[in-house]
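Below is one structure, written out as structure tokens, with a few remarks after it.
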Amino acid sequence: MGTLTKSSAPHVPPMSLRVGKATAKTAKAAPAWSLRVARTLGGENAVDLLIRQHRQIRLGFLKAALPGPWRSRNFHQLMRLLAVHEAAEEAHVHPVARRALRQGRELAARRRHEEKAAKELLIALWRTGPDGRGYLRRLNEARRMITQHAAREEREEFKALRQAVSVPRLRMLGAEVKLTQAYAPTRPHRWVNNEATNKLAAPVLGPVDRALDAVRDRTAP
Ligand SMILES: [Fe+2]
Ligand SMILES: [Fe+2]
């Protein structure tokens, strides 16, 4: 995947977010249409959006640990947020970091490695469920691993993205994150854990997961 240049720009697919190697310089050339799309979807910078979701995830872990009739609802809300959040990072944010940052390859590889490990814990947690034996222990294991992973993302990857990628490009990336999260799977799937599988699986698994969620919500006490 090459760097965007004046001569190659007309051949780039319109929804592409490729930042290329030139990073900030190239990113400033974000076309007018992309800014309009970003504005339509709220225009939120991808880094701000993901950091806000990290806060929601930390709060979600606390709520999912509370006893009482709302535990199941809180648990499923947390699992859904985690699934769509990681799907968008794996499909769009780490690939941009890989291409745009000087040490992007290593950074993205480390984050993906952590996400794979976290997914294993989430699959075990999902199977246990909010009423299962060992639920709180598994929830706490996942909370520890995921909050550490989120802190590393913010410290190493997001901070560097803010410096290397222009605000218009980060807004465009925010729009793509939102679009992906609107149809991504809502529960952890072991083999859906990188850019390609996220993009391929989302249109199939996303609707299936959402249909199952609707059935569960309808039959919930
Ligand atoms: Fe992540
Ligand atoms: Fe994250």
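As the structure lists them, so they are numbered: ligands from 1, and atoms in each ligand from 1.
- For the pair Arg210 (side chain) and Ala184 (backbone), a donor-acceptor distance under 3.5 Å is present.
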Q) Given Arg111 and Glu156, is the salt bridge (charged side-chain N to carboxylate O under 4.0 Å, His left out) satisfied, shown in steps? A) CA-CA 10 Å; Arg111 295 298 81 82; Glu156 298 174 14; 2.9 Å; yes

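- In this model, a donor atom of one side chain and an acceptor atom of the other lie less than 3.5 Å apart for Asp209 and His189.
- Restricting Glu115 to its N/O/S atoms, the shortest distance to the Fe ion (ligand 1) is reached by OE2.
- Of all N, O or S atoms in Glu153, the one lying closest to the Fe ion (ligand 2) is OE1.
- Arg137 and Asn140 share no donor-acceptor pair across their side chains, judged by distance under 3.5 Å alone.
- Within Glu86, OE1 is the N, O or S atom that lies nearest to the Fe ion (ligand 1).
- With hydrogens and angles disregarded, no donor-acceptor distance shorter than 3.5 Å links the side chain of Arg143 to the backbone of Phe61.
- Here the angle centred on the Fe ion (ligand 2), running from NE2 of His85 over to NE2 of His54, is 90°, rounded to 10°.
- At least one N/O/S atom of Glu89, from backbone or side chain, sits under 2.8 Å from the Fe ion (ligand 1).
- The Fe ion (ligand 1) has no N, O or S atom of His94 inside 2.8 Å of it.
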